[in-house]
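Just so you know, these numbers come straight off a predicted model, no measurement behind them. Both backbone and side-chain heavy atoms feed into the values below; hydrogens, waters and symmetry mates do not.
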Amino acid sequence: MQKPLKQSTIRTGSDYKRVDKYIVPILIFVLSFFCFLVFYNYIFFYQENRMLFVFSGEYFREFASKPGGLLEYAGNFLSQGYFSNLYGAFLQASVLTLIAVVFIRINKRLSPGSTFLLFSAALASFILMLIQTNINYRLHYNLGFLFTAAYFLYSIKSVKKSTRILLTAFFPVFFYITGAFSWIFLGMVTGYFIIRKEPGNTIAYWLIAGLSLILFKAVLFLQPWSELLYYPLPSTDYFVNRSLIWMIFVFFILYPVIVILVNPAGSPFKRKISNGSVVILALLTIIIMWKTYSRDNAQLFRIEKMFFARDWNGVIDYQEYCQNRNLVAQYYYNTALAEKRMLSNRMFSAPQDYGTMSVMIPWNSQIAMSRLFRGVYFYYTIGLINEAHRWAFESMVTEGFHPENIKLLIKTNLINGHNKIAEKYITVLKKTLHYKDLARKYELMISNPELIRSDPELGEKVRLKPHDNFLITIRNPQTNINSLLQSNPGNAKALDYKFGCMMLEKDVEGIVNNISLLFDSGYTRIPVHVEEAALFYQAARGPLPDLAVMRISNESVSRFSEYIKLTSNMPVARLREGKNIRKELRNTYWYYLDTK
């Protein structure tokens, strides 16, 4: 007689729930935490510097005055800790994990015991993990998907009629909190109730939604239709393929229908397929994240982070190490060199691919202020404080408060002696989490102006300011250098920029004819790249003009002889490759003249 099977050997999908229900959340947390901590941590720096959370009633009312504003407010509140990569990675991983947990519970309601119960929940979380790698995709978007899924879960979980009525009546509140994410929820419950053949519930939600929309539009908030129907969903402008975000919206709207139709309840449970499909999905996510990872972007934001911290040596050393070809990276490198008074000595130790654009960014009303704003640092470095203030103010008006424009508004007003105006912006900075100590430092300067003059940064900018007024040329900032030198001949940084621009424009004759200005500005020796320009001029056109008391160093003469001997018969294509040319010779002005 055949021995009966023990009950424990007969497996169904529910038998594995105690173990399997943890697979997806743990996998998503570990994978997302690692990826955002190690590879995509630059997202936290970028987003922390694109907004400034202020603990004030005015800042709260700005968001509370429109549907969906509270969701963005919550995202901003949590994102203010992004100055810590560890915090940012933990927060992102936690939100994505919670989304997975909620969707697993949704699947258990829609299709209990299904083989692909874990797969579809993992797919929803992995999609949001991938889209989070976009630097413009902010935390409140995933919070919106999390709240939407949670509301949907409770809407289908409740069985009591009174509870369902309360959940339906809750829709206006949900609309106020999450804004246009409520339309994704409405699509989810509509599909679910149609499949369940419950038209009464569908009609009830649509009636409440319609009344809420009319009430919010005509009475409560007076927002335009575009705001009521789309805010605060992610903008399509954030994506190269604009249809991508719409496909994601459609996926979540149809999610209940897809789960019910693809994973019918009562189908045989196959554990290996269930877990294997999740592993395959995780591997695909890793591959996509690896393929879309941009080393150049990571390098750029690392440079920018050091630049904002005024770590000039860090910027210089890292750019010379990574040799980034991005315009902004080269601009930050040149600005750091200018701050260290090394522009004419070290400029060609890193790529210079954009001419004078890599030392100054001209004003262009066609370019978004978020990208154009970086041009302010040329004016601030050189001592054109009023123009730097104008750029910072334009940024604040068009983009709102963010750390850099507020700091620049404080510093430029302190430098100009406008303490009352500076105090207004210091008050804003004092109401933040990360910048309170900096605000206190500036606050002390208002009561003791001597601290401004003795400050290494602000005191220097006071001395670099022009001595009289002149018109600023915003589309050709190079002309401002000559005007500044006429107004303040002792501005050595302006002279450095003058020589830097002439080098990038290959104006060797202009460099040679202006060498005498170096002596007048306090130089005791000719900068290395200026020496290189002089030697090139001497070899190509003849004797140099009188160099006063300064002479070209023997080291530069010896290096020039070596360079000429090595490259005189070398084809241009091979010269550009840089093979068989040692680094010290590639970092010279001669190499720039020959290869650009």
- Message: Quick check against the 3.5 Å criterion: does R463 have a side-chain atom that pairs as donor or acceptor with the backbone of G459?
- Response: yes
**Prompt:** Is it the case that S344 and D496 place a side-chain donor and acceptor less than 3.5 Å from each other?
**Reply:** no
Does a donor on one side chain sit under 3.5 Å from an acceptor on the other, for Q352 and N334? yes
*asked:* Quick one: does any side-chain atom of N416 pair with a main-chain N or O of N413 as donor and acceptor, under 3.5 Å?
replied: no
### Query
Do N142 and Q132 get their side chains close enough for a donor-acceptor pair, meaning under 3.5 Å?
yes
>> Once you measure the plane-to-plane angle for F44 and F36, does it fall in the parallel (<30°), tilted (30-60°) or perpendicular (>60°) bin?
In response: tilted
- Message: Working note: R302 + D317, criterion salt bridge (Lys or Arg N to Asp or Glu O under 4.0 Å); need CA distance, chi angles, decisive distance, verdict.
- Response: CA-CA 12 Å; R302 181 173 175 179; D317 293 340; over 6 Å; no
For N448, look at atom CG and say whether over 12 heavy atoms of other residues, nucleotides or ligands are found less than 6.0 Å away. yes
query: Between Y176 and F216, what is the ring plane arrangement, given parallel below 30°, perpendicular above 60°, and tilted in between?
result: perpendicular
Over 60° means perpendicular and under 30° means parallel, so classify the ring planes of F308 and Y377, tilted if in between.
tilted
Between K407 and E404, is there a side-chain N and carboxylate O pair less than 4.0 Å apart? yes
### Message
Parallel, tilted or perpendicular, judged at 30° and 60°: which one describes the rings of F53 and F77?
### Response
perpendicular
Worksheet item: Looking at E460 and K340, does any basic side-chain N land under 4.0 Å from a carboxylate oxygen?
Response: no
Please determine, by modelled atom types, if Y73 and E62 share a side-chain donor-acceptor pair under 3.5 angstrom. no
Under 6.0 Å from the CZ atom of F34, do we count more than 12 heavy atoms belonging to anything else shown? no
For this session: Kindly say whether R374 contributes a backbone atom to a donor-acceptor pair with the side chain of Y331 at under 3.5 angstrom?
Result: yes
To the nearest 0.5 Å, atom CG of L71 lies from atom OG1 of T178 at 6.5 Å
The residue among V462, D455, I385, L458 that forms side-chain contact (heavy atoms from CB on, under 4.5 Å) with L414 is L458
One should read off an interatomic distance between Y87 OH and E48 CD, to the nearest 0.5 angstrom, of 11.5 Å
Result for side-chain contact (heavy atoms from CB on, under 4.5 Å) between I131 and one of Y238, F145, F239 points to F239
| query | Does CD belonging to E58 count more than 12 external heavy atoms closer than 6.0 Å? | reply | no
When Q47, R138, H140 are each screened for side chain to side chain donor-acceptor pair (under 3.5 Å) with N76, the one that passes is R138
In this structure, CH2 of W590 is separated from CZ of R559 (nearest 0.5 Å) by 5.0 Å
**OP:** Give a yes-or-no answer on whether the side chains of S358 and Q330 include a donor-acceptor pair shorter than 3.5 Å.
**Re:** no
Distance flag, aromatic centroids of H402 and F373, threshold under 6.0 Å: yes
Would you check if L228 and P67 make a side-chain contact, meaning some heavy-atom pair closer than 4.5 Å?
-> yes
**OP:** Give the ring-plane orientation class for Y40 versus Y293, where under 30° counts as parallel, over 60° as perpendicular and anything between as tilted.
**Re:** perpendicular
